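Heads up: the structure comes next, in structure tokens.
We count ligands from 1, going down the list as the structure has it; atoms in each ligand are counted the same way. All figures in this text were calculated on a predicted structure; none of them were measured in a lab.
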Amino acid sequence: MERKPESHKGENGKVTVIGGSKDFTGAPALSAQAALRTGCDLAKIVTSEEVSSVVASYSENLIVREYSSGYLGLSGVENCIDAVRWCDVFVIGPGLGNPDSEAVGEILERTNKTAVVDADAIKPALEADLSNAVLTPHRGEAELIKDEYGSVESFVGENEDIVVLVNGETDRVYSDKGVEKVDAGHPGMTVGGTGDVLTGIVASLISQDVSKREAAVKAAEINGEAGEEAAEEYGNSLLATDIIDLIPSVL
Ligand SMILES: NC(=O)C1=CN([C@@H]2O[C@H](COP(=O)(O)OP(=O)(O)OC[C@H]3O[C@@H](n4cnc5c(N)ncnc54)[C@H](O)[C@@H]3O)[C@@H](O)[C@H]2O)[C@@H](O)CC1
Ligand SMILES: Nc1ncnc2c1ncn2[C@@H]1O[C@H](COP(=O)(O)OP(=O)(O)O)[C@@H](O)[C@H]1O
Ligand SMILES: [Mg+2]
């Protein structure tokens with residue numbers, strides 16, 4: 001990915017991650033760090049007041065703001081929308097725990113930036129008027145889509161505005177162009193956090209002007225290949241953070 005010449009802060013992409021809660025502090029930082037390692041300029045995390053210092057303490061590279069105290073609810077929507085206005089593309093879901101469905105829906109409906117929807121935001125997103133989004137469910141979360149729409153294909157249909165990356169042993173990207181398979185990866189990637197990393201890679205690529213469908217395919221490849229490299233050294237002891245560290249060598 002060639003960087004743009006002569007850029008000011010943020011021209012190579014700004015990613016916002018709306019995630020984290022008192023239940024999960026790692027997930028949003030895994031997503032944001034993966035986004036930075038994939039080459040965007042700035043990553044801003046919006047998380048619960050209770051854990052914002054914990055999340056900020058993981059790295060100087062992170063910009064951390066707060067949505068509200070407790071889980072994400074209607075009182076946190078405005079702060080999230082401010083952070084979405086700031087960015088080129090946003091991730092919503094990793095580590096949110098038990099977010100208010102209406103709040104997630106309002107953030108998705110009131111913003112026009114591309115959303116990468118994962119984890120605890122997937123169910124609320126299916127109840128919202130969703131557009132301009134990449135959903136990154138693992139096989140279990142994809143069951144929610146099948147329950148509502150019969151299949152992922154019928155959920156995506158002809159809608160060129162929605163892409164679904166169902167990830168697991170084999171990743172499949174569903175878009176209006178059909179289904180594309182990505183075989184990279186390693187069983188060690190069942191460790192927690194590898195899906196949070198995936199969301200950061202997808203968002204970072206989109207923030208650098210890669211299309212939603214292409215970003216989903218490339219991210220599955222990058223995440224999988226970095227996982228394979230990590231497994232060469234750690235086997236089934238690999239960690240999601242090892243994958244982040246290996247993104248540059250895969251790129
Ligand atoms: N270090 C960290 O902070 C980590 C945080 N994580 C967070 O943990 C939370 C849960 O993530 P998990 O990957 O464990 O997700 P789960 O496996 O808990 O699934 C999430 C939701 O998807 C639905 N679901 C799952 N399997 C299903 C099935 N077979 N049929 C129907 N519905 C199903 C359920 O509603 C479930 O609550 C997320 O917010 C995630 O970001 C994890 O990614 C692990 C690492
Ligand atoms: N057996 C496997 N082989 C290869 N890749 C896998 C395997 N299991 C999971 N993955 C990858 O790991 C990630 C799992 O995502 P997810 O279950 O959401 O993790 P988490 O929510 O804990 O971050 C996906 O990127 C998927 O492609
Ligand atoms: Mg996940």
Taking side chain as C-beta onward, heavy atoms only, is [X] less than 4.5 Å from [Y]?
X: Arg213; Y: Glu180; answer: yes
X: Gln33; Y: Ser59; answer: yes
X: Leu108; Y: Ile92; answer: yes
X: Leu72; Y: Cys80; answer: yes
X: Met189; Y: Asn223; answer: yes
X: Val166; Y: Val152; answer: yes
X: Leu251; Y: Ile222; answer: yes
X: Val17; Y: Phe90; answer: no

Tell me whether [atom] lies less than 4.0 Å from at least one protein heavy-atom position.
atom: atom 34 (C) of ligand 1; result: no
atom: atom 6 (N) of ligand 1; result: yes
atom: atom 37 (O) of ligand 1; result: no

Report yes or no: do [X] and [Y] form a side-chain donor-acceptor pair below 3.5 Å?
X: Glu160; Y: Ser175; value: no
X: Asp118; Y: Thr136; value: yes
X: Ser52; Y: Thr47; value: no
X: Ser75; Y: Tyr67; value: no

Should one rank [options] by closest heavy-atom distance to [atom], which comes out on top?
atom: atom 1 (N) of ligand 1; options: Gly97, Ala29, Gly26, Pro99; value: Gly26
atom: atom 13 (O) of ligand 1; options: His138, Glu143, Arg139; value: His138
atom: atom 15 (O) of ligand 2; options: Leu30, Val166, Leu165, Asn167; value: Asn167
atom: atom 42 (C) of ligand 1; options: Asp118, Asp147, Asp196; value: Asp196
atom: atom 45 (C) of ligand 1; options: Pro94, Gly140, Gly193; value: Gly193
atom: atom 10 (C) of ligand 1; options: Asp120, Asp23, Val197; value: Asp120

Self-check item: Glu141 near ligand 1 by a heavy-atom separation under 4.0 Å
Solution: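 Distance cut 4.0 Å: Glu141 passes for ligand 1.
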Quiz item: Under a heavy-atom criterion of less than 4.0 Å, does Gly95 contact ligand 1?
Solution: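 Distance cut 4.0 Å: Gly95 passes for ligand 1.
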Quiz prompt | Test log, rule side chain to side chain donor-acceptor pair (under 3.5 Å), inputs Asp196 and Ser31 | solution = CA-CA 5 Å; Asp196 303 318; Ser31 181; over 6 Å; no
Contacting atoms of ligand 2, where contact means under 4.0 angstrom from a heavy atom of [X]:
X: Gly192; value: 22 (O)
X: Asn223; value: 25 (O)
X: Gly185; value: 4 (C)
X: Leu198; value: 25 (O)
X: Thr190; value: 8 (N)

If you have a sec, work out which protein heavy atom is nearest [atom] and how many Å separate them, to one decimal?
atom: atom 23 (O) of ligand 2; value: Gly195 N, 2.7 Å
atom: atom 23 (C) of ligand 1; value: Leu144 CD1, 3.9 Å
atom: atom 14 (C) of ligand 2; value: Thr194 OG1, 3.3 Å
atom: atom 17 (O) of ligand 2; value: His138 CD2, 3.2 Å
atom: atom 9 (C) of ligand 2; value: Met189 O, 3.7 Å
atom: atom 22 (O) of ligand 2; value: Gly193 N, 3.0 Å
atom: atom 4 (C) of ligand 2; value: His186 N, 3.1 Å

Quiz item: Does at least one non-hydrogen atom of Gly168 fall below 4.0 angstrom from an atom of ligand 2?
Solution: yes
Once rounded to the nearest 0.5 Å, what's the spacing between atom [atom1] of [X] and atom [atom2] of [Y]?
X: Tyr234; Y: His186; atom1: OH; atom2: NE2; result: 14.0 Å
X: Asp161; Y: Asn132; atom1: CG; atom2: CG; result: 5.0 Å
X: Asp242; Y: Glu229; atom1: CG; atom2: CD; result: 11.5 Å

Does any N/O atom on [X] come nearer than 3.5 Å to any N/O atom on ligand 2?
X: Val191; result: no
X: Asp196; result: yes
X: Glu141; result: no
X: Asp171; result: yes

Quiz item: Can you tell which part of Glu169 has a heavy atom less than 4.0 Å from ligand 2: side chain, backbone, both or neither?
Solution: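 Under 4.0 Å from ligand 2, Glu169 contributes backbone and side-chain atoms.
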Exercise. Answer yes or no for Lys22 and Tyr71: cation-pi contact, defined as NZ/CZ to six-membered ring centre under 6.0 Å and angle to ring axis within 45°.
Key: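 Pair Lys22/Tyr71 counts as cation-pi.
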Practice problem: Under 4.0 Å, heavy atoms only, figure out whether ligand 1 is touched by the backbone of Ala27, its side chain, both or neither. | Solution: both
